Protein chains: 6
Amino acid sequence: MFLPRKILEKKLLDMLAEDVGQGDITTALTIPAESISEAQIVAKEAGVAAGIEEARVLLESLGLKVETLTSDGEKIKPKQALMKIRGNTRTILSAERTILNIVSRMSGIATTTRELVEKLQKAKLTTRVACTRKTAPGLLYFDKKAVLIGGGDTHRLHLDDMVLIKDNHILVAGSVEAAVRRAKEMGSFSKKIEVEVSNAKDALAAVRAGADIVMLDNFSPKQVEKTVGLVKKAGFLGKVLIEASGGITARNTLEFASKHVDVVSLGELTDSVKALDLSLEITKVGNT
Amino acid sequence: MFLPRKILEKKLLDMLAEDVGQGDITTALTIPAESISEAQIVAKEAGVAAGIEEARVLLESLGLKVETLTSDGEKIKPKQALMKIRGNTRTILSAERTILNIVSRMSGIATTTRELVEKLQKAKLTTRVACTRKTAPGLLYFDKKAVLIGGGDTHRLHLDDMVLIKDNHILVAGSVEAAVRRAKEMGSFSKKIEVEVSNAKDALAAVRAGADIVMLDNFSPKQVEKTVGLVKKAGFLGKVLIEASGGITARNTLEFASKHVDVVSLGELTDSVKALDLSLEITKVGNT
Amino acid sequence: MFLPRKILEKKLLDMLAEDVGQGDITTALTIPAESISEAQIVAKEAGVAAGIEEARVLLESLGLKVETLTSDGEKIKPKQALMKIRGNTRTILSAERTILNIVSRMSGIATTTRELVEKLQKAKLTTRVACTRKTAPGLLYFDKKAVLIGGGDTHRLHLDDMVLIKDNHILVAGSVEAAVRRAKEMGSFSKKIEVEVSNAKDALAAVRAGADIVMLDNFSPKQVEKTVGLVKKAGFLGKVLIEASGGITARNTLEFASKHVDVVSLGELTDSVKALDLSLEITKVGNT
Amino acid sequence: MFLPRKILEKKLLDMLAEDVGQGDITTALTIPAESISEAQIVAKEAGVAAGIEEARVLLESLGLKVETLTSDGEKIKPKQALMKIRGNTRTILSAERTILNIVSRMSGIATTTRELVEKLQKAKLTTRVACTRKTAPGLLYFDKKAVLIGGGDTHRLHLDDMVLIKDNHILVAGSVEAAVRRAKEMGSFSKKIEVEVSNAKDALAAVRAGADIVMLDNFSPKQVEKTVGLVKKAGFLGKVLIEASGGITARNTLEFASKHVDVVSLGELTDSVKALDLSLEITKVGNT
Amino acid sequence: MFLPRKILEKKLLDMLAEDVGQGDITTALTIPAESISEAQIVAKEAGVAAGIEEARVLLESLGLKVETLTSDGEKIKPKQALMKIRGNTRTILSAERTILNIVSRMSGIATTTRELVEKLQKAKLTTRVACTRKTAPGLLYFDKKAVLIGGGDTHRLHLDDMVLIKDNHILVAGSVEAAVRRAKEMGSFSKKIEVEVSNAKDALAAVRAGADIVMLDNFSPKQVEKTVGLVKKAGFLGKVLIEASGGITARNTLEFASKHVDVVSLGELTDSVKALDLSLEITKVGNT
Amino acid sequence: MFLPRKILEKKLLDMLAEDVGQGDITTALTIPAESISEAQIVAKEAGVAAGIEEARVLLESLGLKVETLTSDGEKIKPKQALMKIRGNTRTILSAERTILNIVSRMSGIATTTRELVEKLQKAKLTTRVACTRKTAPGLLYFDKKAVLIGGGDTHRLHLDDMVLIKDNHILVAGSVEAAVRRAKEMGSFSKKIEVEVSNAKDALAAVRAGADIVMLDNFSPKQVEKTVGLVKKAGFLGKVLIEASGGITARNTLEFASKHVDVVSLGELTDSVKALDLSLEITKVGNT
């Protein structure tokens, strides 16, 4: 998910504009126009840094000098400074909250994702941790990128990059087979086809109809195990990817992951984010 | 925060456009163009409904019929249907995730806010529960409105609607007195002036300099109590509003709130949201 | 009203784009692509400079060098050069009219505002001169900032930053008291409440109900005086701000202002602007 | 200047959005969500109506019913109602100021333009009254359309629709002849070529070089007369249009206009607008 | 590629706004404001209709009534009417060119695509005809949708929906194997991996490294055949998709397509479009 | 058509953003973030370069260094390098396709236009080659500029820059005379009036009514000749411009052009573009 800097810059400036409104009145009233400062963004708790690149791009676009002291994906400790900023004080203070909101949300997502990824690694599992499309509206890029930085999988980015046949599609199409058949015939060769199923029978039907991935939705760990067994017996294990989804949380992930579950996906990674606590502190005022 | 419908509609359509990308390929492949359905949005857990109005505006702008079964601010129970939707199936399914993301985030915020508000009411306190500017970038309107629906106070909306002099402003301005004096002389008569302070002495200085509101930042409950005493002694109690902020969480709010603390503000109301679990289910296919 | 430069730049470029259309055909036909020039913006009449910062930001964003010879808020004389510009001739000439339109409108507003402010100062009055929301659509930031530069008060910036209960609100709400009560109970602690009234009785009602500011709308100077007397008698003088508005013009302001009228507001400051006459003159062509 | 309604609607909604900010807090606090009202826009002074169409489009796009009681271009009297509006009270009041700002600016422009046009008509002159590109930034369409409604000529709309060679172009190009020659050779056959000149000699040079229109800039009425004589002598009268511009005001127009001056243009028509005083009054509350 | 109507409408209105500029002056001058007409869009040559849906959405959004007489994907004959339009004449004529430009480009693309698809079908081949990312900038949705309507394959929609490793990526990554390995390890499970190769050896390397699709770029038909043979011998035929690309034109497609070539892709489908000739004719004026 | 660089940059970045979507996943997976490269854009066939300036502006806005090796309007040969690019490899590769799409379309248009212009020059004709409004939606600036670079005439840019009365306008207005009369009376003096006619009689009517240009639409070369004769006889030759349009193609242009036809216009110049084949090749990787 490489976004040329100028395109990212535009998204970030739109966020800043929302917060600034018609202008920062406090800063205009209390800070001289020509004041120059140095500031730091400091972590107040441990976690995984994310949004460092976004903060740098936004701050530099505003004419500020930035020295990053960590990188996206690095672990950070309480009181650790993430970056130094130098330049016009009014500009720094007007952008403070927007910058912190971005970095603390992205770092919060990356931190939770990393914990899960490491939990699976410790259990010697290669199951991937994926997020879903339950991102904050308007923050698709930022939420997905934070998951990537945490070591997770972005899953589908939006409605145009994978065919994902869900319960409601199947209901209207008539059957798993009908839906998959149509998608294989008419869909682009460039897209994978995934099918969300609610029972083992439909899982097998999807696999047989040619799905690339089958998503076991709201299965218990037992049901997952049983379904994997049936897929194996049918000779499709290794030919189709298996994703477990629905009802999976940070706490119970290990029950769902297994060597035959290729992916576990969790909505809460992006819809129930705990922001990482950060602050911006001016460390020096004036030119000296 | 009344937003004329067409202006709200534009914000909502931008959110949908982000998720749809170049088009919903799954729906195009599996659902006939002329298919008509009925669907419901159903709560999977208890909480306070918010975003109902936003969902309605977005769905109606897409040409769908909506019947709301609850209203913003109403308590909802698990399995309760929040609204019925009827119309073109492709349209319903393409908008499903965006709608759910909006309603589940807003309802999550409203639910947590309401819990806090009721906790204070039970304790017979009139202290207001306010959020901060720690909203998700781009979601200012939605996050603030959800707090309102939950019974909370929006606090400052952006950088142009109240003078809020914070630690960094004071550092650069030289002193609390200097900053407040300048704000009172040069600022618009139409704006309140609030000062964030880190100790009782600065609190008194702010009050004496003419601040309308003083924010006790990261004070312990004890320190809050002591500061309130000093303000009282100085004859300003009732003439200045007192806000406690920083380190306040849903759990420890009661320790901070008291009859002389007018406002408690919590960043977590909007930066660490727990989405309310919802789903959209097609209940009928076809015209019958 | 401090706006980070990049956000201001975007507003200014949108204005330029409107005027340029699909491209400046005259400049393309008559000026060589590589031509370099020096130019000056020159005042053709006396006034107060405003928009200098906006002109600089737009010109620099287009790759031109700018040397400002005055600053926002400085008085200027006829024939005085306000800034020197150097760079690509086509770029200078394509932006000429947009730059002049911005500076001449903002300077016109600042000039009129300053005249009024100085008139009051000479009369030893501390009454503030405020504009209203009668700004040119789309020019809110520019009109309000020009008033500030002239020494005036921006008043409310938009509909979200102060509660201002006007005649129509009172009509629908039923009474001044009902409207103010509801605003005090449900409104954010961060916002002031102002009430527009059309007679002395309502003024007192608003004050008693807890309004922070009372706006005497379309009162004669006599009625203003009488109302101030009643407010004083009721013990609220100094506790509530008094604004006189409606029917006030540059000519009759002094009749309205008095030591107990805190603010006079005039729609004409921004809705009936007299542009300051300016021109842009090329002073040197070529690199020498 | 016919703009399809949906394109006009977008411009108007952007204006409204600027004023509303994050939402109208006064209206939300004092007006019940379901309140319905009738209102009227009433003129407080005489003039020529303009912006009636724009108001209608914006109001209808917000779901309100509109009955116009006058049309663009009609003369209006003090206290005359221009339109009736019916619908959601919150919506009416949130849009009130934006609507009035648009109609009062456009009507102000149309009124001044009409006065000038009628003055010339009374003098039995066919000279056209034109505005210039001195429009308020962002309001090009509205300012030009108001001039049209007043009976004036829009002149060039932006930089792409006529070749207008001005002093600075001539300075860089070397001479009037050089500039016009290049424009005729390389410019599109679809565009007219106008040349701004500062003396009679250059006027003749422009005419001889093939200009379609010659603009006599900052000429005294005497100089205009003399130049017209020279053009006549050279055999070009009737083959080239003559425009007088610069230093022309509502007061001195008649001195400049004559049967051989085809156009007089005035910057003040759009850069020094006097808004027509209007108000919106709620006339009925509730459904009855 | 299903796009909710309102999102498509916005794209279409932006196109119209570009063409209209500050307003259609011809229509305003020659057509009465209240004139009503009926019009038809008529084909002047045979082809495949595309853009019918887009025309309908744009016309209806402008308040016009539309009766479509054909559908996207239908074959049309010279002089055949594609749709009837009824409503405000000014609106119809202002939108005429934009509508025709959209429908004639999309129909041109669909027509060429269909010819190729039918050519392959006649040759009893199941090879898919795909376009590339060589779409007109800004017209991605329209160009890709027209290919779909013609019976072709959209291929990758943009840079985020498939991993497509091209020559330059391989050059920087060091080798086909290195690039594919990294993509498989770090890329999302939800995306296919395609590799563009310039010789048979690299084709095999890509297949062995785990590519889902291998694109034979600028191969001669002979080289294609030879490579297919090697892939077969290596046991990967049927497990990997084979795409031929580069140098393929409508004329030589059959030489490249074969039963083992799954996809042929042609840049010219979208970068060298021949518009289908269409016209809009008013068939009735007035209300009768 | 001179567009200040920042305004052009915005159009170009919007095009890039469309293609990049949520990010270039291939480049992120296969190219190290800090990789630096040199690349060249190379022509694969002969033609006329156009879009060189656009490519430079976009590439430089992304932080890349550009050395142009040809200029807009220069003839280029197969294998000729058009520009060298140096900088971050990910950025180069993410922008590759958008840059090539712009340059190849514009060069294709310029090439065809130039061929026609030279054909007329060889025939010693001064007839201009013009395009029409049949540009790709959204690409108005780019298509028209490419025609200019090829030596052609842009014709009308959009609906606001010339009065062009077409068949449908005449049908509704009642007659050629009625339409032209109204346009002359009410239209701005700054715009030319052109009339599209379908027979010699209407041509004469238009000329007599005062049209500046008459467009002979779908006339055979014979009819053109006859009409020119009639115009001459009526004494208008040289006083009105004559344009031949409709059914003119690159092949038959010479039959239509003659010394009395001032302009031939061809829709196919912009609606049936053949892109010039180009590629971007990385020539050096790393810092050496």
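These numbers were taken from a predicted model, which means no experiment stands behind them.
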Which of the residues [options] is involved in the greatest number of heavy-atom pairs with chain D at under 4.5 angstrom?
| options | answer |
| --- | --- |
| C:Ala39, C:Ala173, C:Gly138, C:Gly267 | C:Gly138 |
| C:Val20, C:Ile92, C:Val172, C:Ile25 | C:Ile25 |
| C:Leu100, C:Ile31, C:Ile282, C:Ile170 | C:Ile282 |

So which of [options] has the largest heavy-atom pair count under 4.5 angstrom toward chain C?
| options | answer |
| --- | --- |
| D:Pro32, D:Gly23, D:Ala183 | D:Gly23 |
| D:Leu16, D:Leu93, D:Ile165, D:Leu280 | D:Leu93 |
| D:Leu164, D:Leu12, D:Leu159 | D:Leu159 |

Quick one: does C:Leu171's side chain get under 4.5 Å of D:Val285's, heavy atoms only?
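Answer yes - side chains close enough.
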So which donor and acceptor atoms of chain C and chain D come within less than 3.5 Å of each other?
unit_1: C:Glu18; atom_1: OE1; unit_2: D:Gly138; atom_2: N; d: 2.9
unit_1: C:Glu18; atom_1: OE2; unit_2: D:Leu140; atom_2: N; d: 3.4
unit_1: C:Asp19; atom_1: O; unit_2: D:Leu159; atom_2: N; d: 2.9
unit_1: C:Asp19; atom_1: OD1; unit_2: D:Arg133; atom_2: NE; d: 2.9
unit_1: C:Asp19; atom_1: OD2; unit_2: D:Arg133; atom_2: NH2; d: 2.6
unit_1: C:Gln22; atom_1: N; unit_2: D:Asp160; atom_2: OD2; d: 2.7
unit_1: C:Ile25; atom_1: N; unit_2: D:Leu159; atom_2: O; d: 3.1
unit_1: C:Thr26; atom_1: OG1; unit_2: D:Leu164; atom_2: N; d: 2.9
unit_1: C:Thr27; atom_1: OG1; unit_2: D:His169; atom_2: NE2; d: 3.2
unit_1: C:Leu29; atom_1: O; unit_2: D:Arg182; atom_2: NE; d: 2.8
unit_1: C:Asn101; atom_1: ND2; unit_2: D:Arg133; atom_2: O; d: 3.0
unit_1: C:Asn101; atom_1: ND2; unit_2: D:Thr135; atom_2: O; d: 3.1
unit_1: C:Arg133; atom_1: O; unit_2: D:Asn101; atom_2: ND2; d: 3.0
unit_1: C:Arg133; atom_1: NE; unit_2: D:Asp19; atom_2: OD1; d: 2.9
unit_1: C:Arg133; atom_1: NH2; unit_2: D:Asp19; atom_2: OD2; d: 2.6
unit_1: C:Thr135; atom_1: O; unit_2: D:Asn101; atom_2: ND2; d: 3.1
unit_1: C:Gly138; atom_1: N; unit_2: D:Glu18; atom_2: OE1; d: 2.9
unit_1: C:Leu140; atom_1: N; unit_2: D:Glu18; atom_2: OE2; d: 3.4
unit_1: C:Leu159; atom_1: N; unit_2: D:Asp19; atom_2: O; d: 2.9
unit_1: C:Leu159; atom_1: O; unit_2: D:Ile25; atom_2: N; d: 3.1
unit_1: C:Asp160; atom_1: OD2; unit_2: D:Gln22; atom_2: N; d: 2.7
unit_1: C:Leu164; atom_1: N; unit_2: D:Thr26; atom_2: OG1; d: 2.9
unit_1: C:Asn168; atom_1: OD1; unit_2: D:Ile282; atom_2: N; d: 3.1
unit_1: C:Asn168; atom_1: ND2; unit_2: D:Leu280; atom_2: O; d: 3.1
unit_1: C:His169; atom_1: NE2; unit_2: D:Thr27; atom_2: OG1; d: 3.2
unit_1: C:Arg182; atom_1: NE; unit_2: D:Leu29; atom_2: O; d: 2.8
unit_1: C:Asp271; atom_1: O; unit_2: D:Ala275; atom_2: N; d: 3.4
unit_1: C:Ser272; atom_1: OG; unit_2: D:Ala275; atom_2: N; d: 3.0
unit_1: C:Ala275; atom_1: N; unit_2: D:Asp271; atom_2: O; d: 3.4
unit_1: C:Ala275; atom_1: N; unit_2: D:Ser272; atom_2: OG; d: 3.0
unit_1: C:Leu280; atom_1: O; unit_2: D:Asn168; atom_2: ND2; d: 3.1
unit_1: C:Ile282; atom_1: N; unit_2: D:Asn168; atom_2: OD1; d: 3.1

Scan residues 16-42 of chain D for pairs that pass ring pair (Phe, Tyr, Trp, His ring centres under 6.0 Å), counting only residues two or more places apart or in two chains.
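Counting only pairs at least two positions apart or across chains, no ring pair (Phe, Tyr, Trp, His ring centres under 6.0 Å) contact touches residues 16-42 of chain D.
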Who pairs with C:Ala206 by side chain to side chain contact (heavy atoms under 4.5 Å, CB included), at least two apart in sequence or on another chain?
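So C:Ala206 forms a side chain to side chain contact (heavy atoms under 4.5 Å, CB included) with C:Val176, C:Val195, C:Val197, C:Ala211, C:Val214.
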Might you point out which heavy atoms bring C:Ile102 and D:Pro137 nearest each other, and give the distance in Å?
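Looking at all heavy atoms of both residues, the closest pair is CG1-CG, 3.8 Å.
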